[in-house]
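Labels below follow one simple rule: chain letters A, B, ... track the order of the sequence lines, proteins then strands, and each chain is numbered from 1.
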There are 2 protein chains.
Amino acid sequence: MRKLKEPATREPRSAATERRLLEAAGQVFAEKGFRAATIREISQRAGANIAAVNYHFGDKEKLYAATFRHAREACVAQFPLRDEGLNAGSTRDRLGRFVLGLFLRMLDIGRPAWQWQMMAREMIEPTAVLDEMVDEVIRPDFGELQKLVEEITGLAPADERVRRCACSVVGQAMFYRHSQPVVRRLNPSQGFERADLEELADHVTSFSHAALTAMAREGSAKRAGDRAPM
Amino acid sequence: MRKLKEPATREPRSAATERRLLEAAGQVFAEKGFRAATIREISQRAGANIAAVNYHFGDKEKLYAATFRHAREACVAQFPLRDEGLNAGSTRDRLGRFVLGLFLRMLDIGRPAWQWQMMAREMIEPTAVLDEMVDEVIRPDFGELQKLVEEITGLAPADERVRRCACSVVGQAMFYRHSQPVVRRLNPSQGFERADLEELADHVTSFSHAALTAMAREGSAKRAGDRAPM
DNA sequence: GACTATTTCAAACAACCGTTTTAAACTAAT
DNA sequence: ATTAGTTTAAAACGGTTGTTTGAAATAGTC
């Protein structure tokens with residue numbers, strides 16, 4: 001049935017078409033969505049035969065899962081949010097780097113543009129690949145942000161306000177991705193080049209930092225008082 | 001060809017099926033998306049014939065546009081964000097009412113649940129109905145929020161920070177709608193009942209109000225200085 | 001009550017989808 | 001060169017889609 005020997009030297013033929021297939025599938029899935037995307041168009045863009053998808057990936061769903069995983073790994077590798085070097089500096093600097101990383105992941109023009117479009121589609125019709133992404137990327141990154149919020153506010157880890165503040169930070173950045181068509185219509189002069197993203201990240205950072213430090217003041221007043229952390 | 005007289009007394013037969021068709025179409029479009037939704041299922045749920053859609057609305061796209069418009073008008077009528085009575089109280093109270101209104105529009109269980117799912121789809125593949133909604137609903141509501149931000153911060157209307165702050169407020173609330181699958185996975189205990197929405201709105205309000213008042217202090221320091229409002 | 005316009009119904013149409021099939025082309029080791 | 005194994009190619013198969021058709025049923029008017 002299958003080949004038993006695995007030379008593992010290099011994969012010259014089939015691996016190349018698989019890569020072209022993944023690349024084309026990412027673009028088409030992002031543009032059209034899973035249902036509207038056709039294997040015929042994907043194969044055509046990849047310069048492969050119609051049967052190539054079923055031969056290399058089994059069926060359309062498995063191609064979709066493989067494409068999503070491929071995109072996620074490329075994106076995370078390009079813009080890491082948790083790294084040893086990211087723990088240096090003041091809490092304000094660390095927050096700024098986290099927010100800028102979010103913006104670059106989501107909106108940096110160039111290679112991974114269509115990946116977040118697939119992510120947006122998963123928000124509407126979640127499949128198994130979303131669970132995978134939450135477990136392996138989003139939850140750890142979100143935990144890192146929560147720790148940062150705890151440091152700035154002095155709130156206890158179990159305090160629900162920590163999670164809500166982290167949601168507030170992420171939500172501000174996410175808005176420019178998931179509501180981009182509205183943003184572009186409300187403010188056509190808003191650009192999304194690298195410099196624009198740095199400006200937006202700066203705003204979100206100072207906005208959030210101001211809110212967090214204010215919560216630190218009021219939180220410390222309450223912490224000694226009636227509400228006991230769980 | 002067509003009827004020339006228009007009695008306009010009442011439309012007993014065809015209007016009823018049109019309404020049932022719109023209702024069913026909203027649910028199916030939200031669940032499956034435009035492409036995956038089938039006229040057969042819509043007609044079946046509405047208790048109408050397969051040809052009814054093409055007879056009453058022309059084709060599938062026109063049914064989609066009509067459905068979106070129908071949903072938008074119902075939602076805006078139920079939760080107005082700009083009203084004479086909403087201008088009373090402190091700026092903090094007005095901000096709180098605006099944010100709570102946003103949450104109720106987006107997440108209040110019951111009737112208009114699927115409408116925002118259609119909105120989310122428009123964010124991915126914008127059509128002409130999005131332009132219509134931006135012009136008639138979003139831009140006026142957003143302008144109201146901008147005026148509120150100007151009052152709290154004391155910034156000039158032309159200052160870009162006003163728009164960015166308004167985006168920060170809206171983005172926090174929008175996060176719980178457009179990233180709801182992620183929120184539910186990150187925090188399964190997060191509820192979306194009326195009481196939960198009020199809690200979330202309270203958090204977003206105080207978070208934003210703190211950031212805005214902080215910006216008011218630093219803004220007034222700068223306003224006397226180098227940067228002149230345009 | 002007959003006549004006309006409007007609405008509903010069942011059936012069929014052409015087009016497109018994902019998938020399968022079968023054979024040809026290619027690679028690489030004997 | 002031959003042979004086995006892997007990859008590509010073209011064509012066809014069911015199945016589903018939006019839309020159209022033409023007749024039956026219903027409403028309103030003289």
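Within 4.0 Å (heavy atoms only), A:A37 reaches sugar-phosphate atoms of the nucleic acid but no base atom. Note on A:A51: a base of the nucleic acid sits closer than 4.0 angstrom, heavy atoms only.
Closest non-hydrogen pair, A:S208 versus A:Q172, comes out as OG-NE2, 2.9 Å.
For A:H56, a side-chain nitrogen or oxygen approaches OP1 or OP2 of D:dT8 to under 4.0 Å. OP1 or OP2 of D:dT8 sits under 4.0 Å from a side-chain N or O of A:T17.
Whole-Å rounding puts the A:R35 CZ to C:dC17 C1' distance at 10 Å. One atom, OH of B:Y55, and another, P of D:dA24, lie 18 Å apart when rounded to the nearest Å. One can place CG of B:D59 at 16 Å from C1' of C:dA15, the figure rounded to the nearest angstrom. With rounding to whole Å, A:F57 atom CZ is found 11 Å from D:dT8 atom P. At whole-Å resolution of the value, CZ in B:F34 and P in D:dT17 are 14 Å apart. Rounded to whole Å, atom C1' of D:dT19 lies 12 Å from atom NZ of B:K62. One atom, CG of B:N49, and another, P of C:dT8, lie 9 Å apart when rounded to the nearest Å. If you take CD1 of B:I50 and C1' of C:dC13, they are 13 Å apart, rounded to a whole angstrom.
Nearest-nucleotide assignment on DNA chain C puts the 5′-proximal partner with A:T38, out of A:G58 and A:T38.
Of the candidates C:dG18, D:dT19, C:dT19, the closest approach to any side-chain atom of B:N54 belongs to D:dT19. With C:dG18, D:dG18, D:dA10 as the choices, the nucleotide that has an atom nearest any side-chain atom of A:I39 turns out to be C:dG18. The side chain of A:R40 lies closest to C:dT19 when the candidates are C:dT19, D:dG18, D:dA10.
By the neighbour-count criterion of 12 heavy atoms within 6.0 Å, atom CD of A:E31 is densely surrounded, having more than that number from other residues, nucleotides or ligands.
Remark: A:R164 engages B:E199 in a salt bridge, criterion side-chain N to carboxylate O under 4.0 Å. Under the 4.0 Å criterion applied to side-chain N and carboxylate O atoms, B:D131 and B:R139 are not assigned as salt-bridge partners.
A:R184 and A:Q190 share no side-chain donor-acceptor pair at under 3.5 Å.
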